[in-house]
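Structure, as structure tokens:
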Amino acid sequence: MSSDLLDKGYVPHEVEKRWYSFWEKERLFAASEAVAETNYSIVIPPPNVTGVLHMGHALNVTLQDILCRYRRLRGDNVLWMPGTDHAGIATQNVVEKKLAAEGKDRHQLGRDKFIEEVWRWRQEYGGAIINQLKRLGASCDWERERFTMDEGLSTAVRKVFVDLYHQGLIYRGNYIINWCPRCMTALADLEVEHEELDGNLWHVRYPFKEGGGGIIVATTRPETMLGDTAVAVHPDDERYQQLESEFVILPLMNRELPIIKDAYVDMSFGTGALKVTPAHDPNDFEIANRHNLERVKAIGDDGNMTAEAGRFEGLERYACRKAVVEALKTEGYLERVEPYKHGVGHCYRCKTVIEPNLSKQWFVRVKPLAEKAVEAVKNGHTTIVPSMWTNTYYDWMNNIRDWCISRQIWWGHQIPAWVCPDCEETIVAMDTPESCPKCGNNNLVQETDVLDTWFSSALWPFSTMGWPDETPLLKAYYPTSVLVTGFDILFFWVARMMMMGIQFMDDVPFKDVYVHALVRDEDGKKMSKSLGNVIDPLTIIEGYGTDAFRLTLAAFAAQGRDIKMSEKRVEGYQHFVNKLWNAARLSLMHLTDGYPDSEPNPQSLPDRWILSRTQAVTRTVADALDGYRFNEAAGTLYQFVWHEFCDWYLEAVKPALYGNQGEENQASTRKVLWRVLKDVLILLHPFVPFVTEEIWHKLPGTEGSIMKADFPTFRDDSFTDPEAEKEMELITGVITGIRNIRGEMNLSPSMALEVAAQSEAESTREIINRHQELVIHLARLKSLSIQSPGQRPKTAATAVVEDVTLFASLEGVIDFDKELQRLSKEIAKLDQELAGVSKKLGNENFLNKAPADIVEKVKEKHTGLVEKKQKLKANLDRIRQLEQ
RNA sequence: GGGCGGGUAGCUCAGUUGGGAGAGCACCGGCCUUACAAGCCGGGGGUCACAGGUUCAAGCCCUGUUCCGCCUACCA
């Protein structure tokens, strides 16, 4: 027995570093490629290669790691596939910024040199986030790490593009798309963030061709009028049935615009007349198609006005807005201006206001893919947890519009399409074509656009496993068991993986999708750089240790609720880790041997009880994790380890461990303690991997890593012991009753009390008698006498527990007023409870209609309360008498 | 405009077939009791947002109201 086995407090940093490299060195994260029933797989949501670890990653990765470590302990083959995402626009922006700092820009370099530059950047900085994930303890199979621009994944991207094209599911066309004038690229609808902004509604009069009056239209973007090619009214609008003219004149441009009739127009809005700008508004574009209108592109791709804008050519779009308004005012066309709130789209990468613009782009026809993806969830092939997200998923899938997948940037998968300069034939193929199959031209020109990054991430669950080759990995691990992700990329990523997985693997990419919450600051605000409320996970790790941090995340990961993170909370769980450490410290003082092969043979009540409880907790934890109820699993363990194992069990068995109850007791208790501590470590390991591994190696009788241990059994009931739990409940109740007297009567803990326990029930007396020593030890008694009700000690404080009345003899020290107060308070509490119960029992309907077992329970409760009250009342009366 | 989530102790939140209102932190009182003061023991504290309804019984189910948050949308 020596206390130098463990230091007095747990110091995480050195331990974390040591064990993580041990795990890597021993290849404990490596997945076997064998096909088995118990194969379990997760693909990591690949973080951006430009990213730095934030709270979202921390939560996401912690939950996955908990699942993976748990499944390994349960004996599964686990593959956790890691990697990063090439993040086209974001990465290109980062490298362009770096070039700018060197006074260069990508156009000087040229495409090939620029891409080389990006790869160089990735080589140097791209691993940062991976190392940060390791600090969290992530047990990914790092040897399989993938990158969306890897050769293998690029082949997959190419094949998918080519196949979809030949299936008619990819097409190219001139449409209105979302254009970011800063990134100079098209964006998908999803990549536009809408924000309500204060703006104006400008009412502008377009005079009739023949002069006079005219039609008043309203717009939030006056500069777009330069590209107007019509004015539309509703066909049924009586105000416009008999017009003076069929044409109006576009002010400032003096262009003649037809007045057209289209049912899209909302008669109730404004004047019921709509200016039509086909090249700069998606609705107007549709209207223009129906009426064969001209499309005038007045705003250029760089955000400046084109030659079509006449005298406004070259003006930046917002400068132009001002100028147009000014001109309208001076020329007398501006009827009025009203303040107006409206949604404005912003680029999700750079926050620049998006310009709807006419452009030639590549699209995926998603409807047919989406239908299958909806079916897969409806049929239960994939389950979304929590289920509230299922409807969101359906809604989005059902209203999906074609996906613009081409980007006018350089960093990404270049679209495998070539155009013949002579005959304009388009060739889409896996390999670079030598010549035009139609006219034989040898100088084919490849499409310069690259694909949306999400196009390649959509293939992640199978491209990372080697598809399109039929690899052992795919056989063993596709479909994956679960995808763990935040709801913010449900559409971006999850939905698209569903579509692509079903289309190309003929099976869903994952059986479950667990959608977790967002991590917010302690006021519930989203963490953002601009608000300055970002908490860096690495700072938390430095301050409190990875284990404390992980446990905090898990404990707060309740389904459907965001997590408010603050250091204060992590501190609480740091205390828990330390508590565990110290419990181990105590245990190890007494566990000089290991007992791996001997089944514990519990003799004492605490031993029987703790084994029974451990088994129950094991079951609860397993059920909770199987249902992705991380908070329940973590909370159960926290409660069990601290308040049952430490507070009751360890305190209860100290006498046995110290040998005060004979060698036999000491030996059997040691076996039980060894077993329970071992199981506790295993149960906790998925949540707090480092501290459990550290203790594991100090615990005699363990071999190798705790990662290879077996999850405690819970399928059978070998240790379930209801009798022990019942007895323990009585004993702890008695002890708490005595402690309560001590506390409320302000009696020093050092003062050993003499207590008499009286009960009419012989069985109760017998139980207490059997555990007399335990009560004396934990309640700090001088003596405990067990009696049938009879003479009452004269000056005693009283507590009633179940059918036991406790008398703590207080000769000379009793404070009668305080005791009266205490008893009255207790009786008042009972009266309140009694009122409720009596009311129920007085209700005929309750007695007749409620299930018999419920009625019985309430009756028992009533009897118990009445008896308890009687006893307390008797003591109250007695104290009153004594006082006189 | 549509949809979703939430309102439970001073704070942050659990509460999954409707039948005991709970945890952590904070607070009050007492303890250096031989693992841990990052600790131990005891204690106080809630009209479960509001109003109805279903039921013998509602924090939980239904309807309405209200406040907060989020997602989504092509009314200029």
Side-chain angles (χ1 to χ4, degrees), chain A residues 3 6 8-10 176 189 194 201-202 217-221 224 232 264-266 268-271 273-277 281-286 340 342-343 356 386 388-389 391-392 395-396 399 401 487-488 490-491 517-518 520 522 524-526 555-556 558-564 566 568-569 571-590 627 629 631-632 635 638-639 643 646-647 650-651 654 658 736 739-750 779-780 825 833 836-837 840 843-851 853-855 857-858 861:
Chain A
S3 60
L6 257 56
K8 202 165 171 179
Y10 175 62
I176 284 270
D189 296 339
H194 292 274
L201 197 55
W202 284 272
V217 297
T219 180
T220 53
R221 297 184 298 151
T224 62
Y264 166 76
V265 181
D266 180 357
S268 63
F269 189 92
T271 58
L274 173 72
K275 65 189 264 312
V276 181
T277 321
D281 183 282
N283 297 309
D284 295 5
F285 177 79
E286 297 291 331
Y340 193 73
H342 65 304
M388 65 172 175
W389 292 108
N391 278 332
T392 310
D395 275 1
W396 190 74
N399 298 314
R401 301 199 308 173
F487 60 79
D488 47 335
L490 190 62
F491 305 142
L518 235 55
R520 298 170 176 280
E522 58 185 314
K525 286 204 269 298
K526 203 168 168 175
F556 282 98
Q559 291 186 359
R561 194 155 195 148
D562 286 345
I563 297 176
K564 292 182 194 166
S566 77
K568 189 94 194 144
R569 302 200 174 171
E571 196 184 328
Y573 290 93
Q574 182 195 22
H575 293 172
F576 175 83
V577 171
N578 193 56
K579 184 78 181 174
L580 173 70
W581 178 260
N582 277 292
R585 187 163 178 259
L586 170 68
S587 305
L588 292 176
M589 290 175 183
H590 300 280
R629 296 187 305 273
N631 61 320
E632 188 186 323
Y638 182 100
Q639 206 65 22
H643 299 298
C646 291
D647 287 350
L650 288 180
E651 293 304 330
K654 269 181 186 172
Y658 279 102
T736 302
R739 284 172 173 174
N740 177 292
I741 292 173
R742 198 190 282 281
E744 300 217 324
M745 300 297 283
N746 274 336
L747 303 173
S748 156
S750 54
R780 297 179 152 261
K825 188 183 80 185
E833 255 189 286
V837 177
K840 268 190 182 175
N843 185 343
E844 280 293 317
N845 282 323
F846 172 72
L847 298 176
N848 294 333
K849 294 190 179 173
D853 57 321
I854 297 288
V855 175
K857 243 167 93 177
V858 174
K861 179 157 190 195

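Lettering of chains follows the sequences in order, A, B, ..., and the numbering in each one begins at 1. As a basis for the values below, the full set of heavy atoms in this structure was taken, side chains included, without hydrogen atoms, waters or symmetry mates. Treat the numbers as computed from the prediction; the structure is a model and nothing was measured.
- Residue contacts for A/Lys275: at a heavy-atom cut-off of 4.0 Å it reaches no nucleic acid atom on any strand shown.
- The residue A/Phe285 sits apart from the nucleic acid: no heavy atom pair falls under 4.0 Å.
- Across all strands shown, A/Arg742 has no heavy atoms under 4.0 Å from either base or sugar-phosphate atoms.
- The nucleotide whose nearest atom lies closest to any side-chain atom of A/Tyr638 is, among B/G19, B/G43, B/G24, B/G24.
- Between the side chain of A/Lys568 and the base of B/A26, no donor-acceptor pair of N or O atoms lies under 3.5 Å.
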Collect all protein-nucleotide pairs involving nucleotides 37-40 of chain B in which both atoms are nitrogen or oxygen and the distance is under 3.5 Å.
residue : atom : partner  : partner atom : Å
B/A38   : O4'  : A/His575 : NE2          : 3.0
B/G39   : OP1  : A/His575 : ND1          : 3.1
B/G39   : O3'  : A/Lys579 : NZ           : 3.1
B/C40   : OP1  : A/Lys579 : NZ           : 2.9
B/C40   : OP1  : A/Trp642 : NE1          : 2.6
B/C40   : OP1  : A/Asp647 : OD1          : 3.4

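- When distances run from any side-chain atom of A/Asp395 to the nucleotides B/G19, B/G3, B/A14, the shortest one goes to B/G3.
- For the OP1/OP2 pair of B/A35 and a distance below 4.0 Å, the side-chain nitrogens and oxygens of A/Tyr658 include at least one atom meeting the criterion.
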Taking only Watson-Crick and G-U wobble pairs with both distances under 3.5 Å, what dot-bracket line describes RNA chain B, where [ ] shows pairs that cross earlier ones and | shows pairs with another strand?
-> (((((((..((((.....[..)))).(((((.......))))).....(((((..]....))))))))))))....
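- The side chain of A/Lys564 lies closest to B/C13, out of B/C13, B/U72, B/G19.
- Using cut-offs of 30° and 60° on the angle between ring planes, the pair A/Phe269 and A/Tyr340 is perpendicular.
- For A/Met388, the side-chain atoms get nearest to B/G5 when compared with the rest of B/G19, B/G43, B/G5.
- Not a single donor-acceptor contact under 3.5 angstrom links the side-chain atoms of A/Arg569 to the base of B/U12.
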